**Student:** 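Sharing a structure, written as structure tokens. Questions coming.
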Amino acid sequence: MAIEIKTEEIRELLKKQITDFEKKVDVSEIGVVTYVGDGVAKIYGLDNAMASELLDFPNNVVGMVLNLEEDAVGAVLFGEDRLIKEGDIVKRTGKVMSCPVGEALIGRVVDAVGRPIDGKGPIATKETRPVEVIAPGIIRRQPVNQPLQTGIKAIDSMIPIGRGQRELIIGDRQIGKSAILIDTVINQKGGDVICIYVIVGQRRPVVVRTVDILEKYGAMEHTIVVVATASEPAPMQYIAPYAGCTMGEYFRDNSKHALICYDDLSKHAHAYRQLSLLLRRPPAREAYPGDVFYLHSRLLERASKLADEYGAGSLTALPLIQTEAGDISGYIPTNVISITDGQIFLETELFYGGVRPAVNVGLSVSRVGGAAQIKAMKQIAGMLRLDLAQYRELAAFAQFASDLDKATRAQLERGIRMVELLKQDQYVPMSVDDQIMLIFAGTQGFLDDLPIEAIRSFEEGFLRYIRAEKQDLKKELMEKKVLDDDLRSKISDAITAFKKTFQA
């Protein structure tokens with residue numbers, strides 16, 4: 001039986017297949033490097049790339065899209081730019097920049113993209129989150145109403161910080177800014193606050209020393225350290241604070257409390273300026289790009305206290321800014337002051353005058369922390385700021401006055417003793433009940449008859465006495481959280497009893 005070949009049908013079928021075949025190559029998913037250097041790359045051909053999208057470069061180098069231009073894409077490289085050359089093929093990943101999050105990170109030291117650098121092996125978490133997210137809206141938040149104790153007398157009494165607040169620490173170099181952050185982290189030991197310490201642009205010996213201190217005082221048990229040292233490329237320094245913030249948001253969104261310390265945002269701004277100039281963005285004031293305000297505002301706005309229906313978790317931010325010669329009117333300092341809920345200003349003159357922490361009470365302010373202060377502290381520290389500010393004015397005036405009246409002399413003597421009482425050594429944060437009793441002793445005049453050089457030894461001896469003999473008083477104070485007449489008389493009696501045995 002002969003097979004009949006229907007040539008007409010075959011011709012029609014071939015014609016249809018040829019018509020349906022589109023001779024088109026999809027070139028939107030790969031690009032070609034046209035320029036590379038100093039941690040940035042220009043790529044031609046990635047037509048559909050997204051902002052903050054991760055890109056695959058050769059030799060396992062990862063990049064992130066930062067500039068979306070008409071005919072090219074500008075990317076920052078999280079790796080060695082020496083491994084990339086012009087003409088290399090770049091692939092889109094379709095993923096935005098993310099970092100690992102979770103409980104497994106606690107106690108670890110990681111780099112700016114969440115990779116462990118402490119030699120303790122891989123991090124056992126598979127959960128990741130985008131490093132750039134929109135801050136919680138107004139409906140999801142609630143006012144700050146819980147204190148975050150730093151353990152530093154001068155701050156907890158006069159410039160209190162609440163959970164969910166953003167309090168700037170500002171001052172010249174080498175006058176104790178980082179010390180405040182470290183003390184605050186150490187003070188959270190045994191509490192319910194997870195700490196994230198972000199180190200940007202610092203030298204490696206400084207990083208090692210910081211981690212050693214946190215380990216020595218048991219603070220690494222509740223702390224994640226995110227590091228982008230001065231020797232690392234600018235893209236790593238740029239992304240580190242956002243990665244740290246993402247790690248903190250994980251705890252906030254799971255109804256826990258987190259504290260994030262940015263040490264420091266001045267160097268972060270410098271890294272961003274470097275990237276922006278290399279990517280040919282138009283420079284503005286002091287050669288910073290026009291969106292340098294947005295750089296920090298979108299980061300710090302992510303600190304918040306969530307409403308009860310969203311879990312009531314909190315993320316508190318303590319950014320740090322370095323000034324030049326005490327000038328807080330600089331471009332970056334004024335930007336960050338306007339974003340935050342107050343600032344703690346450290347003054348060089350006070351530091352070298354032996355007042356440590358060198359907090360300038362007149363220029364420091366907390367805009368919302370007072371709402372989170374316990375009532376007992378409010379009662380005894382209410383006039384403390386004003387008294388200290390008046391004392392500083394009087395002290396300046398008294399230098400030129402030959403004879404002072406009795407009231408002025410008494411005010412000066414009280415001020416000198418309060419300044420001495422508020423001095424505090426590093427790495428010895430103090431519980432809030434101890435702070436209240438000490439400040440009560442100072443403001444109620446119990447120290448007025450003591451020599452100034454005896455104040456520190458009185459403080460140490462009194463606290464030992466309270467811990468040994470008056471544990472019930474400490475307990476009652478923390479239960480009531482209010483200084484009623486009965487509690488005032490008990491504290492007064494305890495101070496009087498100790499003073500009888502105290503040898504100045």
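Starting from 1, each residue takes its place in the sequence as its number. Note that the coordinates shown come from a computational prediction; the quantities given were computed from them, not determined experimentally.
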**Student:** Check whether any side-chain heavy atom of V110 lies under 4.5 Å from a side-chain heavy atom of M247, and answer yes or no.
**Tutor:** yes
**Student:** Does a donor on one side chain sit under 3.5 Å from an acceptor on the other, for Q202 and D263?
**Tutor:** yes
**Student:** Answer whether the closest heavy-atom distance between the side chains of Q146 and K305 falls below 4.5 Å.
**Tutor:** yes
**Student:** Heavy atoms, side chains only, cut-off 4.5 Å: are M50 and R92 in contact?
**Tutor:** yes
**Student:** Using a strict cut-off of less than 4.0 Å between a Lys/Arg side-chain nitrogen and an Asp/Glu carboxylate oxygen, indicate whether D434 and K474 qualify as a salt bridge.
**Tutor:** yes
**Student:** Flag yes if more than 12 heavy atoms outside D327 fall under 6.0 Å of its CG atom; otherwise flag no.
**Tutor:** yes
**Student:** What distance separates T210 OG1 from I182 CD1, expressed to the nearest 0.5 Å?
**Tutor:** 4.5 Å
**Student:** Under 4.5 Å between any side-chain heavy atoms of E29 and N48, yes or no?
**Tutor:** yes
**Student:** Inspect the contact between R367 and D341 and indicate whether a charged nitrogen and a carboxylate oxygen are less than 4.0 angstrom apart.
**Tutor:** no
**Student:** With a 4.0 Å cut-off, would you call E286 and R273 a salt bridge?
**Tutor:** no
**Student:** Between R302 and E249, does at least one N-O distance fall below 4.0 Å, as a salt bridge requires?
**Tutor:** yes
**Student:** Taking C-beta and beyond as the side chain, do C261 and I169 meet within less than 4.5 Å on heavy atoms?
**Tutor:** no
**Student:** Do the charged groups of R280 and E69 touch, with an N to O distance under 4.0 Å?
**Tutor:** no
**Student:** How about NZ on K126, more than 12 heavy atoms from neighbouring residues, nucleotides or ligands closer than 6.0 Å, or not?
**Tutor:** no
**Student:** If we ignore hydrogens and angles and just use 3.5 Å, is the side chain of Q373 paired with the main-chain N or O of D156 as donor and acceptor?
**Tutor:** yes
**Student:** Any side-chain heavy atom of I89 sitting closer than 4.5 Å to one from V32?
**Tutor:** yes
**Student:** Check the orientation of H268 and H296. Use parallel for under 30°, tilted for 30 to 60°, and perpendicular for over 60°.
**Tutor:** tilted
**Student:** Checking V76 against I239 for the side-chain contact (heavy atoms from CB on, under 4.5 Å) test, could you report, in this order, the C-alpha distance in whole Å, the side-chain angles of both residues, the deciding distance, and whether it holds?
**Tutor:** CA-CA 10 Å; V76 294; I239 208 69; over 6 Å; no
**Student:** Run the side-chain contact (heavy atoms from CB on, under 4.5 Å) test on T316 and V144 for me, step by step, so that the C-alpha distance in whole Å, both residues' side-chain angles and the decisive distance to 0.1 Å come before the verdict.
**Tutor:** CA-CA 10 Å; T316 310; V144 172; over 6 Å; no
**Student:** Count the heavy atoms of every other residue, nucleotide or ligand shown that sit under 6.0 Å from OH of Y294, and state whether that count exceeds 12.
**Tutor:** no
**Student:** Taking atom CZ as the centre, does R285 end up with more than 12 heavy-atom neighbours from other residues, nucleotides or ligands that are less than 6.0 angstrom away?
**Tutor:** yes
**Student:** Which distance, rounded to the nearest 0.5 Å, do you find between the CD1 of I199 and the CD of Q237?
**Tutor:** 12.0 Å
**Student:** If we ignore hydrogens and angles and just use 3.5 Å, is the side chain of T34 paired with the main-chain N or O of K42 as donor and acceptor?
**Tutor:** yes
**Student:** Do V33 and V90 come close enough that some side-chain heavy atom pair is under 4.5 Å?
**Tutor:** yes
**Student:** Which pair of heavy atoms, one from V359 and one from S364, lies closest together, and at what distance?
**Tutor:** CG1-OG, 3.7 Å
**Student:** Is there a donor-acceptor contact under 3.5 Å from the side chain of R141 to the main chain of P136?
**Tutor:** yes
**Student:** Using atom types as modelled and distance alone, determine if a side-chain donor or acceptor of T246 lies under 3.5 Å from a backbone N or O of P130.
**Tutor:** yes
**Student:** Hey, could you give me the CD/CG distance between E324 and D172, rounded to the nearest 0.5 Å?
**Tutor:** 7.0 Å
**Student:** Say you draw a straight line from CG of D433 to CG of L438; how long is it, rounded to the nearest 0.5 Å?
**Tutor:** 10.0 Å
**Student:** Counting heavy atoms not belonging to E103, are there more than 12 under 6.0 Å from its CD?
**Tutor:** yes
**Student:** So, the side chain of R173 versus the backbone of Q322: is there a donor-acceptor pair under 3.5 Å, distance only?
**Tutor:** no
**Student:** Flag yes if more than 12 heavy atoms outside K95 fall under 6.0 Å of its NZ atom; otherwise flag no.
**Tutor:** no
**Student:** Considering all heavy atoms of both residues, which atom of Q149 and which atom of Q188 are nearest to each other, and what is their separation?
**Tutor:** O-NE2, 2.8 Å
**Student:** Examine the side chains of S366 and Q165 and answer whether a donor and an acceptor come within less than 3.5 Å of each other.
**Tutor:** yes
**Student:** I'd like to know if the side chain of K177 and the backbone of I321 have a donor-acceptor N/O pair within less than 3.5 Å.
**Tutor:** no
**Student:** Please check if the side chain of Q424 supplies one atom and the backbone of K153 the other of a donor-acceptor pair under 3.5 Å.
**Tutor:** yes
**Student:** Do side-chain atoms of T340 reach the backbone of E167 as a donor and acceptor pair under 3.5 angstrom?
**Tutor:** no
**Student:** What's the shortest heavy-atom distance between L46 and G31, and which atoms?
**Tutor:** CD2-N, 3.5 Å
**Student:** Evaluate V36 against L77 for side-chain contact (heavy atoms from CB on, under 4.5 Å), listing each step before the verdict.
**Tutor:** CA-CA 9 Å; V36 65; L77 304 174; 3.9 Å; yes
**Student:** Check the pair I436, I374 against side-chain contact (heavy atoms from CB on, under 4.5 Å), reporting the backbone distance first and the verdict last.
**Tutor:** CA-CA 10 Å; I436 289 168; I374 70 168; 3.7 Å; yes
**Student:** To the nearest 0.5 Å, what is the distance between CG (L483) and CD1 (I380)?
**Tutor:** 7.0 Å
**Student:** So which heavy atom on V96 is nearest to which on A51, and how close?
**Tutor:** CG1-O, 4.3 Å
**Student:** I'd like to know if R392 and E349 make a salt bridge, using a cut-off of under 4.0 Å between side-chain N and carboxylate O.
**Tutor:** no
**Student:** Can you find a heavy atom in the side chain of V62 that is under 4.5 Å from one in the side chain of V113?
**Tutor:** no
**Student:** Atom CZ of residue position F351 - does it have more than 12 heavy atoms of other residues, nucleotides or ligands inside 6.0 Å?
**Tutor:** yes
**Student:** List the atom of A219, the atom of V185, and the distance in Å for their closest heavy-atom pair.
**Tutor:** CB-CG1, 4.1 Å
**Student:** Which residue pairs pass the ring pair (Phe, Tyr, Trp, His ring centres under 6.0 Å) test with at least one member in residues 183-223, sequence neighbours excluded?
**Tutor:** Y217-Y427
**Student:** Treating N254 as the side-chain partner and K256 as the backbone partner, does any N or O pair qualify as donor plus acceptor under 3.5 Å?
**Tutor:** no
**Student:** Which residue is it: I260, I224, L259? I am looking for the one with a side-chain contact (heavy atoms from CB on, under 4.5 Å) to F251.
**Tutor:** I224
**Student:** Whether K85 and D88 form a salt bridge (side-chain N of Lys/Arg under 4.0 Å from carboxylate O of Asp/Glu) is what I want to check.
**Tutor:** yes
**Student:** Measuring from atom OH of Y288 to atom CZ of F293, what distance do you get when rounded to the nearest 0.5 angstrom?
**Tutor:** 15.0 Å
**Student:** Keeping the roles fixed (side chain from E132, backbone from M97), state whether a donor-acceptor pair exists under 3.5 Å.
**Tutor:** no
**Student:** Taking all atoms of both residues into account, what is the closest heavy-atom pair of Y242 and L295, and its distance?
**Tutor:** OH-O, 2.5 Å
**Student:** Apply the side-chain contact (heavy atoms from CB on, under 4.5 Å) test between T184 and each candidate in I180, N187, L181; give the one that qualifies.
**Tutor:** I180
**Student:** Does any donor atom in the side chain of Y272 or R281 lie under 3.5 Å from an acceptor atom in the other side chain?
**Tutor:** yes
